[in-house]
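Atoms within each ligand, like the ligands themselves, are counted from 1 in listed order.
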Amino acid sequence: MSPIGVFDSGYGGLTVLRTLVDRLPQYDYLYLGDNARAPYGNRSFETVYRYTLQCVEWLLQQGCPLIILACNTASAKALRSIQQTDLARLDPRARVLGVIRPTAEVVGNYSESGAIAVLATHGTVQSKSYEIEIEKFFPGLSVVPEACPMWVPLIENNEHGGPGADYFVKRHVAHVLEQNPEVDTLLLACTHYPLLLDKIKQYLPEGVRVLAQGDIVAESLQDYLNRHPEIETRLTKEKDRIFYTTDSTEDFNRKATIFFGEEVASKHVDLR
Ligand code: DGL
């Protein structure tokens, strides 16, 4: 079997997998959540790189010809090194793609005012990856970066529907608009954040939209596969969906349902 590998530090990548499965259902998918070491958001560059590389190596060993880092933090801190150095040694025919570049390529099209906000983990904001990539495609677009360090823990602890979430959502939305009242698009640049969509919408002034990445990543993957038949033809198409976690499978199965929208039966893998 040669599935598409989808990786995240934990559950967030399941929001991307959901869209990939809906829009490109013919392929086999192998999801790996590094739940034992999540969250990655506040970890150093070196640590995120080391953990991500281990996960990518494991996915390659499972036979994935193509791996999506469905985690902005890993895309920001590990993707470039993996693409430019590690892959040649590990499997030169395989490809590893991230979620930042495809998002940066289109995000400016959603803004009429020319000002957007990028809501993300501390690690993604600190890397400045979005500003750097967006500048290549939309020079002059004003980007307000906003780190929301409490959002992932709220979501991981199933508190995203509660009053704690209201407090932190309201605070960050207000902070973004204080910095630049022209902002008309909030990009959710963390794959966990779509679980807060309903809450975020409650606190948005009229005329401000919120954008999740799932559809953007799926569209970009479809386009990539059309342009790269040498990868596309290697992918098996049995509609298998396989889930692995580095932590407890019971916890994963319970929470994954919230992110993926259907029941999953995961297996455990020990990565250290
Ligand atoms: N889902 C990850 C992302 O897209 C962040 C979660 C974490 O902090 O591990 O950035």
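- Under the 4.0 Å criterion applied to side-chain N and carboxylate O atoms, E146 and R171 are not assigned as salt-bridge partners.
- H175 pairs by the ring-ring contact (aromatic ring centres under 6.0 Å, His included) definition with nothing, not counting sequence neighbours.
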- Task: Starting from the C-alpha separation in whole Å, work towards a yes-or-no answer on side-chain contact (heavy atoms from CB on, under 4.5 Å) for Y11 and D251.
- Result: CA-CA 11 Å; Y11 300 105; D251 282 354; 4.2 Å; yes

N/O to N/O under 3.5 Å, ligand 1 against protein:
residue, atom, partner, partner atom, Å
ligand 1, 1 (N), D8, OD1, 3.2
ligand 1, 1 (N), T191, OG1, 2.9
ligand 1, 1 (N), H192, ND1, 2.9
ligand 1, 4 (O), N72, N, 2.8
ligand 1, 4 (O), N72, ND2, 3.2
ligand 1, 4 (O), T191, N, 2.9
ligand 1, 4 (O), T191, OG1, 3.2
ligand 1, 8 (O), Y40, N, 3.4
ligand 1, 8 (O), G41, N, 2.8
ligand 1, 9 (O), S9, OG, 2.6
ligand 1, 9 (O), Y40, N, 2.6
ligand 1, 10 (O), N72, N, 3.4
ligand 1, 10 (O), T73, N, 3.1
ligand 1, 10 (O), T73, OG1, 2.7

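- Judged by distance alone, with hydrogens and angles left aside, the side-chain atoms of E182 form no donor-acceptor pair with the main-chain N or O of G114 at under 3.5 Å.
- In this structure, R241 fails the cation-pi test against Y29, since its NZ or CZ atom is not both closer than 6.0 Å to the six-membered ring centre and inside 45 degrees of the ring normal.
- Taking CG from L87 and CG from L60, the interatomic distance works out to 6.5 Å, rounded to the nearest 0.5 Å.
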